[in-house]
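The block underneath contains the structure these notes are about, expressed in structure tokens.
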Protein chains: 2
Amino acid sequence: MGITKTDSFSDSQNRIASIAKALGHPARVAIVEYLLKVNTCICGDIVNELPLAQPTVSQHLKELKSAGVIKGNIEGNAICYCIDEKGIEIIKHFLMSISIKLTTNKNNCC
Amino acid sequence: MGITKTDSFSDSQNRIASIAKALGHPARVAIVEYLLKVNTCICGDIVNELPLAQPTVSQHLKELKSAGVIKGNIEGNAICYCIDEKGIEIIKHFLMSISIKLTTNKNNCC
DNA sequence: AAATAATATCGTAATATTGCAATATACAAA
DNA sequence: TTTGTATATTGCAATATTACGATATTATTT
């Protein structure tokens with residue numbers, strides 16, 4: 001069917017999945033890495049950094065934004081994008097708690 | 001086109017994206033959480049835990065496995081699945097380094 | 001050997017994603 | 001006000017994902 005059964009899962013599971021999904025494309029990973037590399041937030045040249053056409057980059061930015069991974073402010077002519085810590089913290093927390101549980105459980109069965 | 005331009009991005013970016021993509025579905029998040037909850041690795045009842053049909057669950061398990069998020073061993077009749085620490089560590093490291101850079105950069109522009 | 005149980009694969013329909021050309025919008029500068 | 005610059009939106013084709021019924025596979029039990 002191609003449609004995800006969102007209602008069958010918890011809000012938390014859906015939230016984590018949507019952030020992970022946003023990071024689930026190399027172009028979007030590259031965007032996040034680039035936003036980190038440039039310290040300043042005047043990021044008007046993301047398009048030039050990627051091997052993709054401008055509409056494609058714009059679409060990827062939109063997906064990252066709607067998942068809460070980045071945020072953008074209008075800065076005159078250009079748009080200032082940067083990482084949204086809240087989104088990153090949610091998925092980071094999920095992965096760290098997995099990591100901690102794995103250590104304490106010493107899952108040595110496989 | 002619906003085809004990802006994998007070749008245009010680094011191995012690292014592709015690896016991180018493929019793990020994130022595997023976690024980018026609530027059912028697969030639920031599978032990971034369930035595998036953590038049951039301490040034992042004899043996990044023959046993942047299907048009963050999810051609101052999805054058996055072939056669908058099997059497909060999700062396959063995707064998690066091929067991305068390196070879980071691993072499975074044949075245990076007689078059933079299959080023993082558990083978390084693959086390596087995959088988790090890769091994306092955890094990615095997110096932690098973002099988090100650290102955000103703190104040191106004090107990104108206060110947005 | 002036949003029946004049972006657990007999981008995988010196949011086939012297919014519905015929907016989503018990726019990518020880009022063309023075009024629109026919004027602001028700045030001349 | 002026209003021109004240029006940056007970004008978004010639209011429309012569409014190619015491909016991928018999600019879901020599941022039907023069926024196959026594999027190992028255990030009777």
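Note on naming: letters A, B, ... go to the chains in the order of the sequence lines (proteins, then strands), and numbering restarts at 1 for each one.
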*asked:* Closest-nucleotide mapping onto DNA chain C: is A:His25 or B:Ser58 further toward the 5' terminus? I mean the 5' end.
replied: B:Ser58
*Starting from the 5' end of DNA chain C, give me the residue, A:Gly24 or B:Lys65, whose nearest nucleotide shows up first.*
B:Lys65
*Partner of B:Ile98 under side-chain contact (heavy atoms from CB on, under 4.5 Å), chosen from A:Ile88, A:Ile91, A:Leu35, A:Val69*: A:Ile88
*In a check of side-chain contact (heavy atoms from CB on, under 4.5 Å) between B:Ile83 and each of B:Leu36, B:Ile31, B:Leu64, which one passes?*
B:Leu36
Does a side-chain N or O from [X] land closer than 4.0 Å to OP1 or OP2 of [N], or not?
X: A:Tyr81; N: D:dA8; answer: yes
X: B:Lys21; N: D:dT17; answer: yes
X: B:Thr56; N: D:dC20; answer: yes
X: B:His60; N: D:dT17; answer: no

How long is the line joining [atom1] of [X] and [atom2] of [N], in whole Å?
X: B:Glu75; N: D:dA27; atom1: CD; atom2: C1'; answer: 13 Å
X: A:Asn73; N: C:dC27; atom1: CG; atom2: P; answer: 14 Å
X: A:Gln59; N: D:dA8; atom1: CD; atom2: C1'; answer: 11 Å
X: B:Glu63; N: C:dA16; atom1: CD; atom2: C1'; answer: 14 Å
X: A:Asn77; N: C:dC27; atom1: CG; atom2: C1'; answer: 5 Å
X: A:Arg28; N: C:dT17; atom1: CZ; atom2: C1'; answer: 8 Å
X: B:Leu50; N: C:dT7; atom1: CG; atom2: C1'; answer: 14 Å
X: A:Asp45; N: D:dT5; atom1: CG; atom2: P; answer: 15 Å

Which nucleotide in the list [options] gets nearest to the side chain of [X]?
X: A:Leu61; options: D:dA8, D:dA6, D:dT26; result: D:dA8
X: A:Pro55; options: C:dA26, D:dT9, C:dA8; result: D:dT9
X: B:Ile79; options: C:dT9, C:dT7, D:dA6; result: C:dT7

*Which residue, A:Phe9 or A:Val57, contacts DNA chain D at a nucleotide closer to its 5' end, judged by nearest heavy atom?*
A:Val57
*Provide the closest heavy-atom pair for B:Leu61 versus B:Tyr81 in the form atom of the first, atom of the second, distance.*
CD1-CE1, 3.7 Å
_Atom CG of residue position B:Asn48 - does it have more than 12 heavy atoms of other residues, nucleotides or ligands inside 6.0 Å?_
yes
*When all nucleic acid strands are considered with a 4.0 Å heavy-atom cut-off, which category describes B:Leu52: base, sugar-phosphate, or nothing?*
sugar-phosphate
*Look at the side chain of B:Gln54 and the base of C:dA6, then say whether one donor and one acceptor between them are separated by less than 3.5 Å.*
no
_Between A:Gln13 and A:Ser10, does the side-chain hydrogen bond (donor to acceptor under 3.5 Å, both in side chains) criterion hold? Intermediate values first, please._
CA-CA 5 Å; A:Gln13 286 164 343; A:Ser10 73; 3.3 Å; yes
